[in-house]
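For reference, the structure discussed in these notes is given below.
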Amino acid sequence: VRAPDLIARKRDGGELTADELEWLVSGYLAGAVSEGQIAALLMAGVLRGFTPEEARALTDVFVASGESVDLSVLDGPTIDKHSTGGVGDATTLLVAPLLAAAGARLVKLSGRGLGHTGGTLDKLEAIPGMRVDLSPAELLDVAREVGCVVAAQSAALVPADKAIYALRDVTATVAAPALIASSVMAKKLAAGAQTIVLDVKAGDGAFLPTVDAAVDLAQLCVTIGAEAGRRCSALVTAMDTPLGRAIGNAVEVAECATLLSAPPAGRLAEVALELAATALTLATGADDARARLERCWSSGAALERLAAMIAAQGGDAGVCDDPAGVLPAAPVVLPVLADRAGVVAALPARAVGELAAALGAGRARKDDAVDPAVGIVLEVDVGDEVARGDRLATVHARSDTAAEAAAERLRALVVLSDGPVAPPPTVLRRIG
Ligand code: URA
């Protein structure tokens, strides 16, 4: 086998076998196939397309490149949840304790934010004392004791995906459905849960702007999961508008604690309940999953599980009762007021996410640090009527200059119209 021949076959629109893909990827990890050759293969695949069979083969190669987590020691159904990334998307902080309160075991290995999207690990680390780097034994202990655990992925899991994702990142080869599906599903399969629910975002603030592209990706992921013997479903959810009101790290943790202390309300709660209900139905066959989860929410049981998870991971669980008293606060808090009356017609997710990242809540490069305290809290949603002078949002910033610049930009981003506007959708499609 010669790497140039395999690359040429993909360049000319041909298909590679599972053995050939395995040879290329393991050769790359061992240094026998060069970075340039893998980059050329990836670009040929982005332009020509990888087949679903190639996606499945790549998933297997990625999983086999490292260790897998064994969750069979846990009682109860094991569930994992993955989002393709959005703005104001703190669903994991709601789904994890909800499922734990309903008797399932959610073991989630999360990521960090990049670009305009946030990451669950950054949000959790805004809580004083919270640890996300857990050993495999700690991961299982917290899952057993609390019912949910959210931690960082160890370097031993799917190292081939790590190496190839880093290369895709710098060679403009991320955006190929088969590459995304194999990268996401390899991590989910190696993380060990029997039930996997995916939240594939579609819209301006998502990786994939169109619903059709999101449906295709969701279908591919669900097929890969099912063929690996897991119960797997996906929801395609709207990401044209930030999902929650808060965009940042401490502000999103505060929003989740506040949301869980009252009956569920709003789009973030709706998507979290739908993801949790999809997972619980799939895992247990229950036909009343949504009603059970709503009871877990309204009774305070889910908030109590969130506090227990935070305490078990070394964090200050007081954040659940008194978020403002526990979380880091930004020195400058500036309201953004409407300069005219109207109906909110658009809150563009990507631009709002970029603005929060520019305040310091996100990172441009993987090794940048984030500022836990800064961010944006929207006070209105699409469809709301506002009068001149009403508060549209609150900016939490490190300095007066940063706050004023962000407030001015945010005022320009909130599109006001004169006629009525429908509220944004939540769940767009269900797959699997
Ligand atoms: N997230 C992943 O984990 N992998 C991709 O390829 C894209 C997004």
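As the structure lists them, so they are numbered: ligands from 1, and atoms in each ligand from 1. In what follows, every heavy atom counts, from backbone to side chain, and hydrogens, waters and symmetry copies are set aside.
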query = To the nearest 0.5 Å, how far apart are SG in C320 and CD1 in I127?
reply =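 C320 atom SG to I127 atom CD1 measures 7.0 Å (nearest 0.5 Å).
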Identify the protein heavy atom lying closest to [atom], giving its residue, its atom name and the separation to 0.1 Å.
{"atom": "atom 3 (O) of ligand 1", "result": "K187 NZ, 2.5 Å"}
{"atom": "atom 4 (N) of ligand 1", "result": "S183 OG, 2.6 Å"}
{"atom": "atom 1 (N) of ligand 1", "result": "V184 CG2, 4.1 Å"}

task = Check the pair T78 / Q194 against side chain to side chain donor-acceptor pair (under 3.5 Å), numbers first and verdict last.
result = CA-CA 6 Å; T78 52; Q194 288 306 310; 5.2 Å; no
message = Applying the side chain to side chain contact (heavy atoms under 4.5 Å, CB included) criterion to V200, which one of L217, V211, V215 satisfies it?
response =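 Among L217, V211, V215, the one that satisfies the side chain to side chain contact (heavy atoms under 4.5 Å, CB included) with V200 is L217.
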inquiry  = Quick one, T426 with E274, criterion side chain to side chain donor-acceptor pair (under 3.5 Å). Give me CA distance, side-chain angles, the key distance, then yes/no.
reply    = CA-CA 10 Å; T426 51; E274 280 300 308; over 6 Å; no
Show me which atoms of ligand 1 lie under 4.0 Å from any heavy atom of [X].
{"X": "Y165", "value": "4 (N), 5 (C), 6 (O), 7 (C)"}
{"X": "R168", "value": "5 (C), 6 (O)"}
{"X": "F207", "value": "7 (C), 8 (C)"}

inquiry  = Salt bridge or not between R48 and E15? Use side-chain N to carboxylate O under 4.0 Å.
reply    =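 A salt bridge is absent here (no side-chain N lies under 4.0 Å from a carboxylate O).
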